[in-house]
Amino acid sequence: MTLQAERQYRITAQDKDTFERDGYWISPKLINDEQIERLRQAHERVWSGQFDGDGEPMNPLYLSSNPDALRKFDNGWWINDEVRNVVTDPLIGQLCADLLDTDEIRLWHDQVIYKPGVGDKATESGNVGWHQDYAYWQCSDTPDMITVWIALQDTDLTNGGMMTILGSHKWGMIPDSNSFFNQDMVQLKQKYSGGRDWIEEPCILKAGQASFHHGLTFHGSGPNMTNDPRLSVVAHVMKGGTGYRAGIQRHDNIRLLGPRPVNGQAFANDYFPVLFKR
């Protein structure tokens, strides 16, 4: 299949069955090598504080004094053109719309994620704890959201690739699963498995491929045991019409609804751009 053909890719019945059964699906290569290289350069620009346009980041850029710590920056699309191009890509929107059986997909927010390579150093600094994304997004009125994790290099467990827990999206919302920054993977497994089948599956990706996982799918990742950083750009998306649930949880996106948000108000302004609409 040529790259151009892959750009025209449409979700098949088998793809949808896989997503509904496992809670995630891996795409073909969606971006070409030139775009991958531009996005890798975008990483360098973001982390050095070089911003495109006149916008300001939602939150100040923060770099830990620990060189082995994971770096994560939300809403990179506000301040970097290459990130904006990929996280608002209509193709990504259409794939998500088909996986969720909906007519419209909007961006919830994006993330630019950098996992340093630590080689053979014994450290948990780069771990991402087992968690459910929706645990952070309960101010939205549906968990039917998708995270699109785009690899900017070949990615497997050696360089800290993501692992999912098969079928865990069917468990519903598990209390206190907002544990992205808890790096004790063993303790978290004991906490969340609750006698359920805990089947870990690595997301093995070639550069330019993406994993699409449901907002309730448990996932996490271990250390990057190479000497090179693991780079990714992530689009978190929602169905059109997704509304605000008042009084449930604080989240930065609530402020983007205006000074007096009301229960049921749709996340449907310029901060939440439409990726795809039938």
Side-chain angles (χ1 to χ4, degrees), residues 9-28 30 92-102 105 108 111 113 127-151 155-206 209-223 230 232 234-239 242 245 248-249:
Y9 190 85
R10 297 295 177 263
I11 295 296
T12 67
Q14 182 177 2
D15 295 336
K16 197 164 186 311
D17 287 346
T18 297
F19 180 78
E20 292 179 350
R21 180 190 69 228
D22 297 339
Y24 86 105
W25 168 75
I26 292 178
S27 76
L30 298 180
I92 287 176
Q94 182 161 4
L95 297 176
C96 290
D98 289 344
L99 289 172
L100 291 177
D101 281 330
T102 190
I105 290 291
W108 174 245
Q111 291 177 325
I113 299 180
N127 285 7
V128 172
W130 298 114
H131 67 283
Q132 294 175 300
D133 288 339
Y134 186 65
Y136 293 94
W137 304 338
Q138 295 176 70
C139 63
S140 67
D141 61 10
T142 175
D144 286 335
M145 303 166 82
I146 290 180
T147 291
V148 184
W149 195 98
I150 305 164
T155 303
D156 57 26
L157 295 186
T158 62
N159 60 350
M162 184 169 61
M163 300 172 285
T164 62
I165 305 305
L166 293 183
S168 56
H169 63 305
K170 299 176 183 177
W171 300 350
M173 181 64 222
I174 304 300
D176 302 320
S177 58
N178 54 338
S179 39
F180 183 102
F181 292 105
N182 183 336
Q183 295 166 329
D184 189 337
M185 308 293 279
V186 174
Q187 183 264 335
L188 290 175
K189 174 183 175 180
Q190 294 172 345
K191 178 179 179 179
Y192 298 136
S193 58
R196 307 176 186 89
D197 290 335
W198 185 274
I199 304 172
E200 300 176 13
E201 183 163 283
C203 294
I204 298 174
L205 305 171
K206 293 292 186 182
Q209 286 186 287
S211 64
F212 290 60
H213 67 258
H214 190 275
L216 290 175
T217 300
F218 271 97
H219 58 289
S221 63
R230 189 214 69 185
S232 61
V234 186
H236 301 295
V237 306
M238 59 183 166
K239 296 178 177 180
T242 296
R245 285 204 305 164
I248 303 297
Q249 176 194 51

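Quick caveat, the model's predicted, so the values are computed rather than measured.
Listed for the Q249 side chain is a donor-acceptor partner under 3.5 Å among the backbone atoms of A135. Remark: the backbone N or O of L205 is not paired with any side-chain donor or acceptor of T155 at under 3.5 angstrom. Under the 3.5 Å distance criterion, the side-chain polar atoms of H219 are matched with a main-chain donor or acceptor of T217. In terms of modelled atom types and a separation under 3.5 Å, the side chain of T102 and the main chain of K239 share no donor-acceptor contact. A donor-acceptor pair under 3.5 Å is absent between the side-chain atoms of D17 and the main chain of Q14, judged by distance alone.
With a 4.5 Å cut-off on side-chain heavy atoms, L95 and V148 do not count as touching. You'll find the side chain of N127 reaches within 4.5 Å of the side chain of M185, heavy atoms only. Between V234 and T147 there is a side-chain heavy-atom pair separated by less than 4.5 Å. When side chains are defined from C-beta on, S221 counts as touching R230, because their heavy atoms get closer than 4.5 Å. Looking at V128 and I113, their side chains never come closer than 4.5 Å, going by heavy atoms from C-beta outward. Annotation: side chain of I146 is in contact with side chain of F19 (closest heavy-atom distance under 4.5 Å). Side-chain contact check for Y24 versus W149: every heavy-atom pair is 4.5 Å or farther apart. The shortest distance between side-chain heavy atoms of C203 and T164 falls below 4.5 Å.
Atoms OG and CZ, from S179 and F218 in turn, are 6.5 Å apart once rounded to the nearest 0.5 Å. The OG atom of S211 sits 6.5 Å away from the CD1 atom of I26 when rounded to the nearest 0.5 Å. The NZ atom of K170 sits 8.0 Å away from atom CG of D22, with the distance rounded to the nearest 0.5 Å. H236 contributes atom NE2, which lies 5.5 Å from atom CG of D133 (distance to the nearest 0.5 angstrom). Separation of atoms CD1 (I105) and CD (Q94) is listed at 10.5 Å; rounding is to 0.5 Å. I165 contributes atom CD1, which lies 11.0 Å from atom CD of Q132 (distance to the nearest 0.5 angstrom).
Under 3.5 Å, the side chains of S168 and Y192 contain no donor-acceptor pair of N or O atoms. No hydrogens or angles considered: nothing links the side chains of D15 and T18 as a donor-acceptor pair under 3.5 Å. Side-chain contact of H131 with N182: a donor-acceptor pair under 3.5 Å is absent, judged by distance alone.
Contacts classified as salt bridge (Lys or Arg N to Asp or Glu O under 4.0 Å) and involving residues 177-205 (residues at least two apart or in different chains) are not found. Under the side-chain hydrogen bond (donor to acceptor under 3.5 Å, both in side chains) criterion, the residue pairs touching residues 136-145 are D144-H214, with sequence neighbours excluded.
Residues C96 and V237 come closest through the heavy atom pair SG-CG2, 3.6 Å.
Ring planes of W25 and Y9: parallel class, angle under 30° (limits at 30 and 60°).
Considering only residues two or more places apart in sequence or on other chains, K16 meets the salt bridge (charged side-chain N to carboxylate O under 4.0 Å, His left out) condition with E20, D101.
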